[in-house]
Amino acid sequence: MMTNLPKIYEPQAIEGKWYQFWLQNKYFHAADISDKPQFSIVIPPPNITGSLHIGHALDNTLQDCLIRWRRMQGYNALWMPGTDHAGIVTELVMERQLVEEGTNRTALGREGFEQRMWEWKEESGSYIISQLQQLGCSCDWERERFTLDAEFSVAVRTAFVQLYNQGLIYRDTYMVNWCPHCNTAVSNLEVEPKEIDGHFYHIRYPVKGSDVQLEIATTRPETMLGDTAVAVHPEDERYQHLIGKMAILPIQNREIPIITDEYVDREFGTGMLKVTPGHDTNDYEIGKRHNLEQRNIFTPDAHMNENAGEKYVGLSRWECREQLVADLKIANYLVKIVPHRHAVGHHDRCDTIVEPSISLQWFMNVRPLAQQAIEAVKKGEVKFIPERETTRFYHWMENIEPWPISRQRWWGHRLPIWYCTVCNAVIAAMEAPHECKCGATQFTQDEDVLDTWFSSGLWPFVTMGWPEETAALKTFYPNSVLVTGWDILFFWVARMLMFGLACMNEVPFRKVYLHGLVADEKGQKMSKSKGNSIEPLETITTYGTDAFRFALVNAGTTNPYVPLPESQIETGKRFANKIWNAARFTLMNLEKHPIPASERLDMPQRTAQDLLEIAWIRSRLSRTIKTTTDALENFRFHEAIQTVYAFLWHEFCDWYLEFAKQRLAHGEPRALWVASGVLEQGMRLLQPFMPFVTEEIWHQLSHNGMRHTSGDSPSITVAPWPELAAEDLQVEEIMETVMVVIDNIRSIRGELNVPMGAAVAVLIQSPDATVRERLRTYLGQYLPAFMRVESITIAENVSKPPASAEAVIGKLVIYIPLEDVIELESERARLNKRHQQVVKDITAAQKTLDNPNFINRAPAKVVEQKRGQLERLLSEQAKLARSLAALTE
RNA sequence: GGGCGGGUAGCUCAGGUGGCUAGAGCGACAGCCUUACAAGCUGUAGGCCACAGGUUCAAGUCCUGUCCCGCCUACCA
């Protein structure tokens, strides 16, 4: 038998054990074919080489709660796990590692580099998985996938070729965001505009055959080396005479036309725009409209190329800027430099300032798919929670631009594109072609790899076996829910939707729950680089996994930023300890009072013999089950855990167990037996949130004489979700009457500092026979659970004993004679405070009831309530006034 | 420039479709080692629900405006 349960809950002692138990018994496994209803979630695959950060912890805890809850409800619940190769980020980390080793990726070569990446993946790849397991995640690990595994490769090629054949994937020369550090094109989404303090450089451009000098403002003087025009607004009166003339580009002394374009803002700067079609998106558009030359002045790593002129070749962008400005100044072309704050695009992965450049890239025309996705959402095939995200989604999708999908990198899915070495024909195919239509048999495969989001966009169906028509695909697609942070709505969610519609002809998931990002106490997003982040594993070691999960779920609102103060984790730890001790108490007493075989603990309907507190706790439990279930249905995680917390702590522990103690003291163990039943159900309710401590307690209960009410389940993980018993409003109302009286007596004792050991006499006066009857029956049973009681007197009329404290609750009055302790002053103060409050409430209620419109228009029920309230208040006020008068005498 | 979210106790936050006296956790104060838990128990204090109007019998909740804070988004060089 037990009794050696430690007084303090020790999470470290049990967590590993239970996780292994769950794994060994395959409780997390979902069947491909099942009679049960399906429920499926795919994990947002974490970076293979990453480690668990606070954002993962929140995201995965919420998913685990949903999966564990549905599993208990009897769903065939699949949580599909896996990892992402994560393209550029991963490469960058590896590159840093290589530099430390004194080498670099060029030295290794493509094959050597890829091999290193795979080796690294093999050795560090399971790290993040083991961390997810420490967090308690109940993924179906047998199914684990990787976005770069062999099956994925087939799927990616299949999708690519299909989209290519539909004309949705094409190759084009276009202006893209170029990252000079990563040496690749990136998409708009990967560019983060950041405000920086820069300058406006005002530069003079002479006009050919004239003394006029144009004054042009720019934030990037070095790009003038690529200027091929100067533009003004067609209706700008100031410059009409210059239109069509040639300007002379300083330093290079190149002639460039002065053109007109609607794009130019007359109000901004000098109303005159230098046009650099090769390195500015807007200028590129202007250039196309006017057929201007596109001059590329940068090398891929953003140094100046030969087009920049001899003097500048080889300089970096910033060196060139400095040199050029100096040269302009000497040649007297520089008018002034003024400080100017503006947004500059940075590559989100390496924080390098991107260089818009023209290059030959592969694009995906996402517009038609975006339209389909919008329609699917409008038809309700997918729902966003919170709803406001729908607006953001529409806005993005309606303005979507072609997606550059090729990356000049090595770690990723290589484009399934081959070029004929003879006729340059472009062939998209699953494998290298054998023969070109020109007869040639030699091909080279495109060097580029796909944007990492291309493959993760296929995640919901590739993980289920696509392009094969597998049973899993049939069973689990579309997924039930997707849970992720709002910050990757466009990156990932939108893409999955489009790919799902393109490849499966069906949305990938029914609901998308977008939670906030974890922030510190100042509302700043937690991140390692800011140094303000909570380390999940350290937290788990210090507080225990369940405590951590408690805090995460409790914070899991849909606010854009969710603070996670340490105190919340502390609360989780205390809560775990609280229920641990409730179990300890229950078990210790069950040893002395074993449950007889005839006893039913499964919360059936109330029977006439039931003790009031048993009927009450049953009703409260039932309400808790209902509220918790409802909250989970609607993704209100905070409400769900708050409900269970409040029930277990403040109803079960604070009241019910105290009642049970009282019963035990009188040799009546039944309330205790029921306590074990309530606790068992409470553990089941809490299991999705705090799986470890609940499993431990649940087993302790079963190994120590308690017969479970959850059938033959071998683990709480697969035990049924608690079922509703009937709520009993009358029982709750009776108990409420008793509790209010007890609260008031406690309050008197507390305020008047009555020592714990002192027994009190309680006199209660009530004009209501029903109330008197209830209190006569029950107060004597329950009051002694909380204090020493000398006697209880209940009557229609009670005369106030001398030197007594009193409390008035509506028409009911409680007197407690306290000859030894009472101080008239403090008693008067107490009553006076209450009296003032009552008078205030009376005024308000009176005012409402005096309004004829209220009587006429408010629902009868509301009017009646208000009248009842006023009546009670008036009665209370009268009694308080009388007592105050008596005290003053 | 456009859009979204927020402003409720000292702090962090709850407050489905308006309706009894606006809640919780943490913190503060006072008192308790009451035989499950001092990581506990009991009691107390603390709110012009940002501000100003409006709708309504009734507003923390709905509408309009204002002021702050945060975020997303946009081509102002």
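In the text below, chain A, chain B and the rest are named by the order of the sequence lines, each starting its count at 1.
- A:Trp486 has its CH2 atom 14 Å from the P atom of B:G5, to the nearest Å.
- The phosphate of B:U12 has neither OP1 nor OP2 within less than 4.0 Å of any side-chain N or O from A:Ser567.
- Among the atoms of the strands shown, none is found under 4.0 Å from any heavy atom of A:Gln865.
- If you check every strand for non-hydrogen atoms under 4.0 Å, A:His279 touches nothing.
- Distance check on atom P: B:C49 versus B:G7 gives 14 Å, rounded to whole Å.
- Comparing B:A74, B:G19, B:A14 against the side chain of A:His638 picks out B:A14 as the nearest.
- Pairing for B:C62 goes to B:G54, judged as Watson-Crick or G-U wobble with the two contacts each under 3.5 Å.
- Atom C1' of B:U35 sits at a distance of 23 Å from the matching atom of B:G43, rounded to the whole Å.
- Between B:A39 and B:C33, the distance separating the two C1' atoms is 14 Å to the nearest Å.
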Candidate pair A:Arg341 and A:Glu195, rule salt bridge (Lys or Arg N to Asp or Glu O under 4.0 Å), full reasoning: CA-CA 7 Å; A:Arg341 196 168 167 76; A:Glu195 290 269 313; 3.4 Å; yes

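- Within the 4.0 Å cut-off from OP1 or OP2 of B:G40, not a single side-chain nitrogen or oxygen of A:Lys578 is found.
- Using a 4.0 Å heavy-atom cutoff across all strands shown, A:Pro193 reaches no nucleic acid atom at all.
- Which of B:U21, B:G19, B:A77 sits closest to the side chain of A:Asp841 comes down to B:U21.
- Pairing for B:C67 goes to B:G7, judged as Watson-Crick or G-U wobble with the two contacts each under 3.5 Å.
- Note on A:Asp261: nothing from the nucleic acid sits closer than 4.0 angstrom, heavy atoms only.
- Taking atom CG on A:Asp487 and atom C1' on B:C72, their separation rounds to 12 Å, with Å as the unit.
- Within the 4.0 angstrom heavy-atom criterion, only backbone atoms of the sugar-phosphate kind lie near A:Tyr645; the bases stay farther away.
- Between A:His199 and A:Tyr201, the two ring planes are perpendicular [angle over 60°; tilted spans 30° to 60°].
- Between A:Val264 and A:Arg636, the residue anchored nearer the 5' end of RNA chain B, judged by the nucleotide with its closest heavy atom, is A:Arg636.
- Of the P atoms belonging to B:G10 and B:C72, the separation is 31 Å, rounded to the nearest Å.
- Comparing the P positions of B:A52 and B:G40 gives a spacing of 41 Å, expressed to the nearest Å.
- As the counterpart of B:G23, B:C13 is assigned, both hydrogen-bonding distances of the Watson-Crick or G-U wobble pattern falling under 3.5 Å.
- Taking 90° from 0 as the syn/anti boundary, the base of B:G27 is oriented anti.
- Heavy atoms of A:Lys861 sit nowhere under 4.0 angstrom from any nucleic acid atom.
- Note on A:Ser747: only backbone sugar-phosphate atoms sit closer than 4.0 angstrom, heavy atoms only; bases stay farther off.
- Across all strands shown, A:Lys833 has heavy atoms under 4.0 Å from sugar-phosphate atoms exclusively, and none from any base.
- Across all strands shown, A:Glu864 has no heavy atoms under 4.0 Å from either base or sugar-phosphate atoms.
- With A:Asn577 contributing its side chain and A:Tyr9 its backbone, the two residues share a donor-acceptor pair below 3.5 Å.
- Distances from the side chain of A:Gln869 to the nucleotides B:U21, B:U12, B:C72 place B:U21 closest.
- Between B:G18 and B:C75, the distance separating the two P atoms is 41 Å to the nearest Å.
- Checking B:A77, B:G5, B:G19 against every side-chain atom of A:Pro560, the shortest atom distance belongs to B:G5.
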side-chain contact (heavy atoms from CB on, under 4.5 Å) assessment of A:Tyr656 paired with A:Val674: CA-CA 10 Å; A:Tyr656 186 80; A:Val674 170; 3.5 Å; yes

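- Among the atoms of the strands shown, none is found under 4.0 Å from any heavy atom of A:Asn554.
- Taking the ring centre of A:Phe490 as origin, the terminal cationic atom of A:Arg392 falls inside the region bounded by 6.0 Å and 45° from the ring axis.
- Note: NZ (A:Lys573) to C1' (B:A38) measures 13 Å, nearest angstrom.
- Ring geometry, A:Phe635 versus A:Tyr513: the interplanar angle falls under 30°, so the pair is classed parallel (tilted spans 30 to 60°).
- Residue A:Glu389 contributes atom CD, which lies 11 Å from atom C1' of B:C71 at whole-angstrom precision.
- Within the nucleic acid shown, A:Ile8 comes within 4.0 Å of at least one base atom, counting heavy atoms only.
- At B:A36, none of the side-chain N or O atoms of A:Lys592 fall inside 4.0 Å of OP1 or OP2 (strictly under the cut-off).
- The shortest distance between the side-chain N/O atoms of A:Trp649 and the OP1/OP2 oxygens of B:C41 is below 4.0 Å.
- Neither OP1 nor OP2 of B:U56 sits under 4.0 Å from any side-chain N or O of A:Asn851.
- Of all heavy-atom pairs spanning A:Thr218 and A:Lys274, the tightest one is CB-CD, 3.7 Å.
- Comparing B:A36, B:A74, B:C76 by their nearest atom to the side chain of A:Asp265 picks out B:C76.
- Contact annotation: side chain of A:Lys7 to base of B:C37, donor-acceptor pair absent below 3.5 Å.
- Below 30°, between 30° and 60°, or above 60°: for A:His650 and A:Tyr645 the angle between ring planes is above 60°, a perpendicular geometry.
- The side chain of A:His342 contributes no N or O atom lying less than 4.0 Å from OP1 or OP2 of B:C75.
- Phosphate proximity of B:G40 to A:Arg574: present, with a side-chain N or O under 4.0 Å from OP1 or OP2.
- Across every strand in view, B:G43 sits in a pair with B:C29 that passes the Watson-Crick or G-U test at under 3.5 angstrom.
- A gap of 16 Å separates the P atoms of B:C51 and B:C68, to the nearest Å.
- A 3.5 Å limit on both hydrogen-bonding distances identifies no Watson-Crick or G-U partner for B:G18.
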Residues A:Trp655, A:Phe786; criterion ring pair (Phe, Tyr, Trp, His ring centres under 6.0 Å); working and verdict: CA-CA 9 Å; A:Trp655 289 93; A:Phe786 303 102; 5.0 Å; yes

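- Atom CG in A:Asn559 sits about 12 Å away from atom P in B:U8, given to the nearest Å.
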Trace of the ring pair (Phe, Tyr, Trp, His ring centres under 6.0 Å) decision for A:Tyr284 with A:Tyr174: CA-CA 9 Å; A:Tyr284 176 77; A:Tyr174 200 76; 5.4 Å; yes

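- Residue A:His340 places at least one side-chain N or O closer than 4.0 Å to OP1 or OP2 of B:A77.
- With C1' as the reference atom, B:C20 and B:A58 are 13 Å apart, rounded to whole Å.
- What separates CG of A:Leu552 from P of B:G25 is a distance of 20 Å, to the nearest Å.
- In this structure, A:Lys194 places its NZ atom 16 Å from P of B:A74, rounding to the nearest Å.
- The nearest heavy atom of RNA chain B to A:Ala582 and to A:Asn634 marks one nucleotide each, and the one closer to the 5' end goes with A:Asn634.
- Across the protein-nucleic acid pair, A:Met787 atom CE and B:U42 atom P stand 11 Å apart, rounded to whole Å.
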